[in-house]
Trainee: 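Below you'll find the structure I mean.
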There are 2 protein chains.
Amino acid sequence: MADSSDKKIAIDTIKSEMRKCFSEVGSFSDLELDAAVNLIGIKKFQKGELLLSEGDNAAQSYAVVTGCIRQYYLVDGEEKTTFFYTEGQSIFAPNSTSNRIPAKYYLSCVEDTTLTVITLTNQLEMYRRFPMLESLSRNSLQEELHNYQEMLANYITTNPEERYLNLLKHRPELLHRVPQYQLASYLGVTAESLSRIRKRIFIK
Amino acid sequence: MADSSDKKIAIDTIKSEMRKCFSEVGSFSDLELDAAVNLIGIKKFQKGELLLSEGDNAAQSYAVVTGCIRQYYLVDGEEKTTFFYTEGQSIFAPNSTSNRIPAKYYLSCVEDTTLTVITLTNQLEMYRRFPMLESLSRNSLQEELHNYQEMLANYITTNPEERYLNLLKHRPELLHRVPQYQLASYLGVTAESLSRIRKRIFIK
DNA sequence: TGTCGTTCTTATCCTAAGTCAATGGATTAA
DNA sequence: TTAATCCATTGACTTAGGATAAGAACGACA
């Protein structure tokens, strides 16, 4: 099998993507780019693997390169899905180096998944050496915050059927990548209800 | 009336609070503190005033000193409340200097309210001169993002009655400061339903 | 004091979603 | 190939919440 060389090539592709991304926000020498990129790791996970469990002290932030990660809470023994992270989306560590709070949720791979990983310590190191990257990070945090505000607002202002139609419109690929009962939970209804909603829409 | 001197005193108090806050994250000279604080304005609004309307290009971030701000969307002529900002909470501008998107929501004063205000340009100026403050900002953005993730997760995993009980537990003061029909909308139900929920809980 | 507007509550009826149980299809494992 | 498992669908029944309309409580204010 050409497995290890395949992996090698893929990782090199990702690293050069990262270099390109950093080059866009500031002018760095090749050595500096090396240093920055070397603070970031790349990890592969298999379908079903858990990145994080309730109670863990999350000290890493991730970004999805390929694949799909599901965030869920365990409430009365039931999995309540609250988000799906796909290509290009970031998962920020829920705590900082100063305050370490155990996670209340799980992160599980819906598919085989490749992620970039950066530890909290490396993150600080990176900002110390390359302040431009802290600006970049602040900006993407502000955007991400804005996204979440919109998602919350959207959730409050719509009913399950509207939410399903929204999903169909804005993230249609999810419907094929994710089992329906997980989608249902994400939309805030039971699997049975989602089935009925789909039927209702189909008839219309 | 001692109105203008009252106001003066209040503003001085707020400014000294800000100096204290900045001093905690880095060592600044008095002149530097002056410079930083002078980039931030203080504004008073009356109950009912609108800070922001749908379609506006928000170029300011706020923090509530005293009072209460309601965020709401107008959907089919109906106000859908999506958040209440009270003392100590920040309202981040939904867009950056680069991308200017018109706001989709309104910000309205539930009570007479005093806010600190910083424009996007002053924000950049501040980070340029005092990089420590950019770290501070990044950290609070990360915390705020985490808050929103939890709020969304909480909204997805609970029903209206549970959400009301949560509010009772975590922000009880809101129940007295905000009219019930606005709370209802925030909880994702009609005013009539919230009335029934309250009755149900009271009987138990 | 009485009137008006706003907010909250109550009643009725209807619909959407939850619950429980059963079925059938699809995929995987033996 | 046959079980076994997982998942989506359907049906019957219950319940919470939406829509509408009407009345009660409250406060502002002339």
Side-chain angles (χ1 to χ4, degrees), chain A residues 46-50 68 70 72-73 75-82 84 108-112 155-168 172 174-204, chain B residues 46-50 68 70 72-82 84 108-112 155-168 172-204:
Chain A
Q46 287 198 319
K47 178 174 174 174
E49 265 189 274
L50 284 176
C68 179
R70 177 170 67 106
Y72 66 89
Y73 288 69
V75 186
D76 304 326
E78 239 185 313
E79 293 184 3
K80 301 268 194 172
T81 299
T82 51
F84 295 100
S108 152
C109 296
V110 175
E111 311 167 344
D112 289 356
Y155 210 93
I156 293 179
T157 59
T158 57
N159 62 34
E161 178 170 335
E162 292 167 324
R163 291 202 278 272
Y164 180 75
L165 290 170
N166 271 335
L167 208 60
L168 207 62
L174 267 191
L175 308 199
H176 307 110
R177 296 172 75 170
V178 167
Q180 200 166 297
Y181 71 96
Q182 290 178 3
L183 274 183
S185 150
Y186 177 51
L187 295 173
V189 293
T190 60
E192 293 93 330
S193 278
L194 179 54
S195 182
R196 284 188 289 236
I197 288 171
R198 283 163 49 85
K199 193 178 171 186
R200 214 157 59 209
I201 291 170
F202 190 70
I203 289 170
K204 278 177 189 169
Chain B
Q46 288 198 318
K47 178 175 174 173
E49 267 190 271
L50 284 175
C68 179
R70 178 171 68 108
Y72 67 88
Y73 288 68
L74 211 54
V75 186
D76 305 325
E78 238 186 314
E79 293 184 2
K80 300 267 194 173
T81 300
T82 50
F84 296 99
S108 153
C109 296
V110 175
E111 310 166 346
D112 291 356
Y155 211 93
I156 294 179
T157 58
T158 58
N159 63 32
E161 179 170 334
E162 291 167 325
R163 291 202 279 273
Y164 179 76
L165 291 170
N166 270 334
L167 209 59
L168 207 62
E173 77 291 355
L174 267 190
L175 309 198
H176 307 110
R177 297 172 74 170
V178 167
Q180 200 168 295
Y181 71 95
Q182 289 177 3
L183 274 183
S185 149
Y186 177 51
L187 295 172
V189 293
T190 60
E192 295 90 334
S193 276
L194 178 53
S195 182
R196 281 189 290 232
I197 289 171
R198 283 162 50 85
K199 193 177 171 186
R200 215 158 57 209
I201 291 171
F202 189 71
I203 289 169
K204 277 176 191 168

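Throughout, protein chains are lettered first and strands after them, A, B, ... in sequence-line order, and every chain is numbered starting at 1.
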Trainee: Please pick, from C/dA17, D/dG18, C/dA11, the nucleotide with the shortest atom-to-atom distance to any side-chain atom of A/Arg196.
Mentor: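 Ranking C/dA17, D/dG18, C/dA11 by closest atom to the A/Arg196 side chain puts C/dA17 first.
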
Trainee: Rounded to the nearest angstrom, tell me the gap between atom CD in A/Glu78 and atom C1' in C/dG18.
Mentor: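 About 11 Å, once rounded to whole Å.
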
Trainee: A/Glu161 has an atom CD; how far is it from atom P of C/dT15, in whole Å?
Mentor: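 Rounded to whole Å, this separation is 14 Å.
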
Trainee: Taking the side chain as C-beta and beyond, is there a heavy-atom pair between A/Val178 and A/Tyr186 under 4.5 Å?
Mentor: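 The answer is no, as the side chains (C-beta and beyond) never meet within the 4.5 Å cut-off.
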
Trainee: Using atom CD of B/Gln180 as one end and atom P of D/dA25 as the other, report the distance to the nearest whole Å.
Mentor: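 B/Gln180 atom CD is separated from D/dA25 atom P by 15 Å.
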
Trainee: Given A/Glu111, which of A/Arg70, A/Lys47, A/Arg177 fulfils the salt bridge (Lys or Arg N to Asp or Glu O under 4.0 Å) condition?
Mentor: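 Single pass found, and it is A/Arg177.
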
Trainee: Please report the distance, rounded to the nearest Å, between CD in B/Gln182 and C1' in C/dC8.
Mentor: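 Whole-Å distance recorded here is 13 Å.
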
Trainee: Any idea which of D/dG18, C/dT10, C/dA17 is nearest the A/Ile197 side chain?
Mentor: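 Comparing D/dG18, C/dT10, C/dA17 against the side chain of A/Ile197, the answer is C/dA17.
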
Trainee: Between D/dG17, D/dA21, C/dG18, which nucleotide gets closest to the side-chain atoms of B/Val189?
Mentor: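 Given the options D/dG17, D/dA21, C/dG18, the side chain of B/Val189 is closest to D/dG17.
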
Trainee: Nearest whole angstrom, please: distance from the P of D/dA8 to the CG of A/Leu183.
Mentor: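 Distance, rounded to whole Å: 9 Å.
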
Trainee: Expressed in angstrom and rounded to an integer, what is the separation of A/Phe202 atom CZ from D/dT9 atom P?
Mentor: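 To the nearest whole Å, that distance equals 11 Å.
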
Trainee: Using whole Å, what does the distance between atom C1' of nucleotide C/dT28 and atom NZ of A/Lys47 come to?
Mentor: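 Distance check: A/Lys47 NZ to C/dT28 C1' gives 11 Å.
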
Trainee: Can you figure out which of C/dA16, C/dT19, D/dG17 approaches the side chain of A/Arg200 most closely?
Mentor: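 Shortest atom-to-atom distance from the side chain points to C/dA16.
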
Trainee: Is there a donor-acceptor pair closer than 3.5 Å between any side-chain N or O of A/Glu78 and the backbone N or O of A/Val75?
Mentor: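 Answer holds: no.
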
Trainee: Mind calculating the distance between OH (B/Tyr181) and P (D/dA19) to the nearest angstrom?
Mentor: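 In whole Å, D/dA19 P lies 17 Å from B/Tyr181 OH.
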
Trainee: Under 3.5 Å, is there a donor-acceptor pair between the B/Arg196 and B/Ser193 side chains?
Mentor: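 Yes, B/Ser193 and B/Arg196 have a side-chain donor paired with an acceptor closer than 3.5 Å.
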
Trainee: Which sits closer to the 5' end of DNA chain C, B/Ser193 or A/Leu194, going by the nucleotide each is nearest to?
Mentor: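 Checking each residue's closest nucleotide, the 5'-ward one belongs to B/Ser193.
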
Trainee: After noting the C-alpha distance and the side-chain angles of A/Lys80 and B/Ile156, does the key distance pass the side chain to side chain contact (heavy atoms under 4.5 Å, CB included) rule?
Mentor: CA-CA 8 Å; A/Lys80 301 268 194 172; B/Ile156 294 179; 5.6 Å; no

Trainee: Taking the side chain of A/Thr190 as heavy atoms from C-beta outward, which of C/dC8, D/dG18, C/dG18 is closest to it?
Mentor: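 My answer, after comparing the listed nucleotides, is C/dG18.
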
Trainee: Counting only side-chain heavy atoms from C-beta out, which of C/dC20, D/dA21, C/dA17 sits nearest to B/Glu192?
Mentor: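 Minimum distance to the B/Glu192 side chain belongs to D/dA21.
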
